[in-house]
2 protein chains.
Amino acid sequence: MTTRTSTGQRGDLFAPGCPTRRLLDRLGTKWVSMVVKLLAEAAPGEVRFAELQRRMPGVSQKMLSVTLRNLSHDGLVARRVEPTVPPRVHYRLTDLGLSLENPLAALREWAEEHMVEIDTAAHRAG
Amino acid sequence: MTTRTSTGQRGDLFAPGCPTRRLLDRLGTKWVSMVVKLLAEAAPGEVRFAELQRRMPGVSQKMLSVTLRNLSHDGLVARRVEPTVPPRVHYRLTDLGLSLENPLAALREWAEEHMVEIDTAAHRAG
DNA sequence: CAGTATCCCAAGGGATACTG
DNA sequence: CAGTATCCCTTGGGATACTG
């Protein structure tokens, strides 16, 4: 399993440090996949906060802010503040973020191809 | 974005039906990636409930049960009950589940290669 | 404009006990 | 053995209001 990990060392309890699980934890939060996709489409260009919000119907200011902050914190997204008043903040994927786009796109394609089958199965089961 | 969806139709509020988001919702729950990986490694063979639990340190009976039930419900996992007493229940990935293994493995590889960089970035940021 | 702060609710998930 | 049922706590995330 290659459970070499930096934070959650096996031993204390069990292994919360499986990289895949940790990655999916991050990607699994509600707005991440959408933000990453929008930024990936714009890459290597940037997208402003307001533009992201406009293109993500239903997202609150708080959650968009939190999502972007987390992604920045993880080094997947870069923030650039234009020192005007009112300020404009631009976001883009870092190289690390871009490198994630590939496997993520594969997952997206799978989802778009097969979610119908999942829905069908789920519907049959009730 | 190909927002054609069966359940969450755009119109009422916004679009909660993005396939990728829905897929990540499912994969993002705590034990899914681990179960899928174990079943994928055993494919096309089966794995018993107790064996899964033994190989997933920390999982509770409840959560393993819930996880497997959800995956069955979605048509990713098949359940086979051996009519003995006490009963033995065997799980395996369906064809649909197996087809997910590919993109998921790509994501796993990315995670194992790059989680260190994420940790580094997160650590630098505090 | 791009946030942060506060409040609050619903869902995820752990512990424990019980059953076919 | 392989579950289900109950209880309870923690987290994700929405609504609203305020600030540099």
Side-chain angles (χ1 to χ4, degrees), chain A residues 8 12-16 18 21-22 24-35 38-39 46-74 77-92 125-126, chain B residues 8 12-16 18 21-22 24-35 38-39 46-74 77-92 125-126:
Chain A
D12 249 352
L13 275 176
F14 39 98
C18 165
R21 203 169 94 187
R22 287 170 51 218
L24 286 172
D25 272 0
R26 293 162 196 267
L27 298 183
T29 59
K30 191 165 181 182
W31 303 103
V32 169
S33 63
M34 203 169 295
V35 168
L38 289 174
L39 292 182
E46 301 173 313
V47 185
R48 289 183 51 190
F49 186 93
E51 170 77 0
L52 286 172
Q53 191 172 22
R54 192 181 60 75
R55 298 225 266 159
M56 295 168 60
V59 74
S60 64
Q61 259 184 340
K62 170 190 167 184
M63 287 319 296
L64 182 53
S65 185
V66 168
T67 301
L68 288 167
R69 195 194 316 141
N70 289 342
L71 289 171
S72 294
H73 182 263
D74 289 343
V77 159
R79 232 179 87 107
R80 183 174 67 83
V81 182
E82 210 174 330
T84 59
V85 43
R88 298 174 176 202
V89 186
H90 305 257
Y91 293 91
R92 64 173 175 81
Chain B
D12 249 350
L13 275 177
F14 40 98
C18 166
R21 203 169 93 189
R22 286 170 52 218
L24 287 173
D25 273 359
R26 292 163 195 266
L27 298 183
T29 59
K30 190 166 182 181
W31 302 103
V32 169
S33 64
M34 203 167 296
V35 169
L38 289 175
L39 293 181
E46 301 174 314
V47 186
R48 288 183 51 193
F49 187 92
E51 169 78 0
L52 286 171
Q53 190 173 22
R54 192 182 59 75
R55 298 225 266 158
M56 294 169 59
V59 74
S60 64
Q61 261 184 341
K62 170 190 166 184
M63 287 319 296
L64 182 53
S65 185
V66 168
T67 302
L68 288 167
R69 194 195 316 141
N70 289 342
L71 290 172
S72 295
H73 182 264
D74 289 343
V77 160
R79 229 180 89 106
R80 182 174 67 85
V81 182
E82 209 175 330
T84 59
V85 42
R88 298 175 175 200
V89 185
H90 305 258
Y91 293 91
R92 63 171 176 81

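So that the names make sense, note that chain A is the first sequence line, chain B the second, and so on, each numbered from 1.
Nucleotides of DNA chain D nearest to A/P87 and B/P87 differ in position, and the one nearer the 5' end is that of B/P87.
D/dC1 and C/dG20 make up a base pair, with Watson-Crick or G-U wobble contacts both under 3.5 Å.
Residue-to-nucleotide contacts include a donor-acceptor pair under 3.5 Å from the side chain of B/K62 to the base of C/dG14.
Two residues are said to be in side-chain contact when any heavy atoms from C-beta on lie closer than 4.5 Å; B/V47 and B/Y91 fail this criterion. Inter-residue side-chain proximity for A/R21 and B/K30 is flagged as met; some heavy-atom pair is nearer than 4.5 Å.
Of the candidate nucleotides D/dG3, D/dG14, C/dC1, D/dG3 has the atom lying nearest to any side-chain atom of B/Y91. Candidate nucleotides C/dG14, D/dG14, C/dG3 were compared by shortest atom distance to the side chain of B/M63, and C/dG14 ranks first. The B/V89 side chain lies nearest to D/dG3 when the options are D/dC1, C/dT4, D/dG3. The side chain of B/F49 sits closest to D/dA2 out of D/dA17, D/dA2, C/dG14. Nearest nucleotide to the B/R79 side chain, out of C/dG13, C/dA2, D/dG3: D/dG3.
Dashed line: the shortest gap from a side-chain N or O of A/R69 to OP1 or OP2 of C/dT4 is under 4.0 Å. Contact between the side-chain N/O atoms of A/S65 and the OP1/OP2 oxygens of C/dT4 is found at a separation under 4.0 Å.
If you check every strand for non-hydrogen atoms under 4.0 Å, A/T29 touches sugar and phosphate atoms only.
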